[in-house]
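Encoded as structure tokens, the structure appears first; notes follow it.
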Amino acid sequence: MTSHVMNTYGRLPFALSHGRGCRVWDTDGKQYLDGLGGIAVNTLGHGHPKLVPALQDQVAKLMHCSNYYAAPLQEALAAKLCELSGLQNVFFCSTGLEANEGALKIARKFGHDKGIERPEIIVYEKAFHGRSIATLSATGNPKVQAGFGPLVEGFVRVPLNNLDAVREVARTNPNVVAVFLETIQGEGGIHPTRIEILQGLRQICDQQDWLLMLDEVQCGIGRTGKWFAHQWAGILPDVMPLAKGLGSGVPIGAIVAGPRAASVLQPGNHGTTFGGNPLSMRAGIETLRIMEEDGVMANAAAVGARLHAALAEGLQGLSGVKEIRGQGLMIGIELDRPCGALLGQAADAGLLLSVTADSVIRLVPPLILTAAEADEMAGILVPLVRAFLATPQP
Ligand SMILES: *Cc1c(COP(=O)(O)O)cnc(C)c1O
């Protein structure tokens, strides 16, 4: 049958029909344990009994209105995000790349405002920031960029966890205005920026009058056991793009800004039709409220640690397992070989997961995962990985 959907994804041959909690069912009735959460999106799992009625209520009341009017739900969600982050104000959009695109605009205008005509931004090897022309240019993956040149200029790339490289740029490049990185790289293979590196970057940015911009699109919203992953380092960013988990499945993005970045964008500088619509705002407000009410973040920390430990124990001594990384419910298992085939094998065994950076198994399940479900997940995955490593691949 001819498909009328553009062929841009490698898709498995089944369709999901519905879900409940951390379980989903396909159209043939087969059940899966959800280790992927729609790629770190379904914070509260599927069909959450508190979220669903709130969204139904909002759909019936008002889904969309333009940004011509006062926006009390934007005010409420922005205030909550500022309370949780210690930052100052928020611009709402609909996706991660949009949040990052806006952050890049803030950095450039921050530079222009202080007389730097060709502002440049430090970005990282293996970074992923999205697939618009500017964000794919900031991305450190040649596969994402191939075929889409000319790339946007104004990026300087350095290796992760290397402060000397940043200091060297500071010494030689007067046009730099910002450092832009994922607190924990997601698509690049679950690579955390070390705590002392984050603290060092904060210090360099203060000394240089640069913006520290932390892309928490994937690692934010409680996933690591703190509201935002950089909070483990006790620092504040100047700009923090968010998206994925903030709406528990309803598309939403946000740029959260601290005092140095909060008034860079002025009326007329930025905007979006869908951004801040009542439905996505309600989804964000209810997600954060339910997380607080039900202790979801503490659950992510505890169940994440349990899952991590179970995987480490189960995979112990396997030479094909290079490293198990991550924090809370953001876990990457790096193998010594490409393992894309595990996607289908895991699905056959009733587990949804993803493989990123060719050889890293990624688990980013809903943050409501129970201890029993974590044990079940490890119980499916460990023998799969063992069998995979024991079988010579074609
Ligand atoms: C997914 C992701 C993006 C892009 O988000 P989209 O909503 O797909 O545009 C950007 N940055 C990071 C860290 C991501 O994980």
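Counting starts at 1 for both ligands and their atoms, in listed order.
The N/O atoms of Ala243, backbone and side chain alike, include none that comes under 3.5 Å of an N/O atom in ligand 1. Inclusion of Glu187 in the set of residues having an N or O under 3.5 Å from an N or O of ligand 1 is not warranted.
Summary of contacts: the protein heavy atom closest to atom 4 (C) of ligand 1 is Leu97 N, 3.7 Å. Protein heavy atom in closest approach to atom 11 (N) of ligand 1: Asp215 OD2, 2.8 Å. Among all non-hydrogen protein atoms, the one lying nearest atom 2 (C) of ligand 1 is Lys244 NZ, 2.5 Å. Considering only non-hydrogen protein atoms, atom 6 (P) of ligand 1 sits nearest to Gly96 N, 3.5 Å.
The shortest distance between side-chain heavy atoms of Val385 and Leu315 falls below 4.5 Å. Counting heavy atoms from C-beta outward, Ile331 and Arg362 have side chains that stay 4.5 Å or more apart. A heavy-atom distance below 4.5 Å is found between the side chains of Asp375 and Arg306.
In summary, the atoms of ligand 1 found under 4.0 Å from a heavy atom of Asn100, numbered by their order in the structure, are 10 (C), 11 (N). Close contacts of ligand 1 with Glu182, meaning ligand atoms under 4.0 Å from a residue heavy atom, involve 13 (C).
Thr356 places a side-chain N or O within 3.5 Å of a backbone atom of Glu187 that can act as its donor or acceptor partner. With hydrogens and angles ignored, the 3.5 Å screen pairs no side-chain donor or acceptor of Asp294 with any backbone N or O of Met291.
Residues meeting the side-chain hydrogen bond (donor to acceptor under 3.5 Å, both in side chains) test with Arg108, sequence neighbours left out: none.
Protein non-hydrogen atoms do not reach within 4.0 Å of atom 8 (O) of ligand 1.
With ring centers used as reference points, Phe14 lies under 6.0 Å from Tyr32.
The part of Val217 lying near ligand 1 is the side chain, judged by heavy-atom distances below 4.0 Å.
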